[in-house]
Amino acid sequence: MNQIKNIIFDMGGVLVGLDVQRCVDAFTKLGAGKIAHYVQDHLTEDLFFDIETGSINQKQFCDHVRSVSDCLVPDEDIVWAWNQLLTGIPDIKKERLLQLRQKGYHLFLLSNTNVMHWTFSVREFFNDGKYTVNDYFGKCFLSYQMHLVKPSEAIFRTVLQQTGICPSETVFIDDTKVNLEGAARLGLKTFHHTKDHNWVSSLGEWIEMGK
């Protein structure tokens, strides 16, 4: 039985809290009701897919929001509304990440994200004046920089190649089953993070049991 040495974390829903309604309300407040509809119905095609794969940049994203919604709000207001999706990281999660690193685990982040959410998260959630994102993770893999998204096997293969870690010694934590299935196809162990089976309270026991 291979010992777990490496842990790869998803970001949204696993580390950073998400509030879809708050984001919907923010876009609605700006007069961007059609974009609010995209968020509310979890539509991932076109605009959101393009920004997560890095096919478009922040300015192009904002231009598209204005075009689709027929509103004239400035870029900073659109970025603000989009970032309202993110609610923060509880201190207990950051403490647990540090504890895992202190125990000798190699921690990585793998997220389907975009430049706006990542910049906001690094500034607001991973920087408390004492620690930065680099204190929590050995390396961060971001879809918009890689031009790849989960659950494609290519994104997991890239992570394995760039880190040199062994799949059988690695657990990938995500809150979306299809992403876990993509990781499992390459031999990674997987942990499905849910409200009743969360990594903060259950991961240690899960690892010790040799799952």
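Along the sequence shown, residues are numbered consecutively beginning with 1. Quick note: numbers below take in every heavy atom, side chains included, and nothing from hydrogens, waters or symmetry partners. For clarity, every value in this text was computed on a predicted model and none was experimentally measured.
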For the pair Glu169 and Gln3, evaluate side chain to side chain contact (heavy atoms under 4.5 Å, CB included) and give the outcome as yes or no after the intermediate values.
-> CA-CA 6 Å; Glu169 297 175 344; Gln3 179 184 4; over 6 Å; no

Please walk me through it: do Ile56 and His64 pass side chain to side chain contact (heavy atoms under 4.5 Å, CB included)?
-> CA-CA 10 Å; Ile56 61 174; His64 194 86; 5.5 Å; no

So Phe48 and Trp82, ring-ring contact (aromatic ring centres under 6.0 Å, His included) or not? Walk me through it.
-> CA-CA 11 Å; Phe48 295 150; Trp82 187 214; 4.7 Å; yes

Could you give me the CA-CA distance, side-chain angles and deciding distance for Lys34 and Asp70, then say whether salt bridge (charged side-chain N to carboxylate O under 4.0 Å, His left out) is met?
-> CA-CA 9 Å; Lys34 290 184 179 179; Asp70 193 25; over 6 Å; no

Run the numbers on Thr119 and Val79 for side chain to side chain contact (heavy atoms under 4.5 Å, CB included), then give the verdict.
-> CA-CA 11 Å; Thr119 301; Val79 172; over 6 Å; no

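Aromatic ring centroids of Phe172 and Phe156 lie under 6.0 Å apart. Note: Trp206 and Phe191 meet the aromatic proximity criterion, with ring centroids under 6.0 Å apart.
Panel note: side chain Lys94, backbone Phe125; a donor-acceptor pair is recorded below 3.5 Å. Of the possible donor and acceptor atoms, one in the side chain of Lys150 sits under 3.5 Å from a partner among the backbone N and O of Leu110. Under a 3.5 Å cut-off, the side chain of Glu124 and the backbone N or O of Ser121 do not form any donor-acceptor pair. Between the side chain of Ser67 and the backbone N or O of Asp63 there is no donor-acceptor pair closer than 3.5 Å. In this structure, the side chain of Thr194 engages the main chain of His197 through a donor-acceptor pair within 3.5 Å. Checked by atom type and distance alone, the side chain of Asp135 pairs as donor or acceptor with a backbone atom of Thr132 at under 3.5 Å. Side-chain N or O atoms of Ser152 include one that pairs as donor or acceptor with a backbone N or O of Val149 at under 3.5 Å. Looking only at distances, a side-chain donor or acceptor of His147 sits under 3.5 Å from a matching main-chain atom of Thr53. For Arg66 (side chain) and Val73 (main-chain N/O), a donor-acceptor pair under 3.5 Å exists by modelled atom type.
A distance of 11.0 Å separates CG in Asn114 from CD in Gln145, rounded to the nearest 0.5 Å. To the nearest 0.5 Å, atom CE of residue Met11 and atom CG of residue Asp175 are 11.5 Å apart. Remark: Asn57 CG to Ile51 CD1 distance equals 7.0 Å, nearest 0.5 Å. Atoms CG and CG, on Asn6 and Leu107 in that order, are 9.0 Å from each other to the nearest 0.5 Å. Atom CD of Gln58 is separated from atom CE of Met116 by 5.5 Å, given to the nearest 0.5 angstrom. Rounding to the nearest 0.5 Å places CG of Leu203 at 6.0 Å from CZ of Phe9.
Put simply, the side chain of Ile35 does not reach to within 4.5 Å of the side chain of Ile78, judged on heavy atoms. Looking at His117 and Asn83, their side chains come closer than 4.5 Å, going by heavy atoms from C-beta outward. A 4.5 Å side-chain heavy-atom check between Leu30 and Val65 finds every atom pair outside the cut-off. Residues Val20 and Val39 have side chains in contact (heavy-atom distance under 4.5 Å, counting atoms from C-beta outward). With a 4.5 Å cut-off on side-chain heavy atoms, Lys139 and Gln162 count as touching. A 4.5 Å side-chain heavy-atom check between Cys140 and Val133 finds at least one atom pair inside the cut-off. Considering only heavy atoms from C-beta on, Phe120 comes within 4.5 Å of Leu86 through its side chain. The shortest distance between side-chain heavy atoms of Asn127 and Arg123 does not fall below 4.5 Å.
Between Phe141 and Thr163, the shortest heavy-atom contact is CZ-CG2, 3.6 Å. The minimum heavy-atom distance linking Ser168 with Lys189 is given by the pair O-CE, 3.2 Å. The minimum heavy-atom distance linking Gln84 with Ala26 is given by the pair CG-CB, 3.7 Å. Annotation for Ser69 and Gly33: closest pair OG-N, 4.4 Å, computed over non-hydrogen atoms. The minimum heavy-atom distance between Asn112 and Glu52, with the atom names listed, is O-OE2, 3.4 Å.
Screening Leu186, Leu148, Asn179 for a side chain to side chain contact (heavy atoms under 4.5 Å, CB included) with Ile155, the sole residue that qualifies is Leu148. The side chain to side chain contact (heavy atoms under 4.5 Å, CB included) test with Trp199 singles out one residue from Val171, Asp174, Asp10, Leu100, and that residue is Leu100.
Ring geometry for Phe137 versus Phe126: interplanar angle over 60°, hence perpendicular rather than tilted (30 to 60°).
With hydrophobic clusters built from ILVMFWY side chains whose heavy atoms lie under 4.5 angstrom apart, Ile92 shares a cluster with Val14. Cluster membership check: Val159 does not share its hydrophobic cluster with Leu97, using side-chain heavy-atom separations under 4.5 Å among Ile, Leu, Val, Met, Phe, Trp and Tyr. Put simply, Leu109 and Ile89 are part of the same group of oily side chains (I, L, V, M, F, W, Y) that touch within less than 4.5 Å, one to the next. Placement of Phe61 and Val115 within a single hydrophobic cluster is found when ILVMFWY residues are connected by side-chain heavy-atom separations under 4.5 Å, directly or transitively. Hydrophobic clustering (ILVMFWY, side-chain heavy atoms < 4.5 Å, transitive): Phe108 and Ile207 are in distinct clusters.
Screening residues 17-30 for salt bridge (charged side-chain N to carboxylate O under 4.0 Å, His left out), with sequence neighbours left out, gives no hits.
Checked by atom type, the side-chain pair Asn198/His193 shows no donor-acceptor distance below 3.5 Å.
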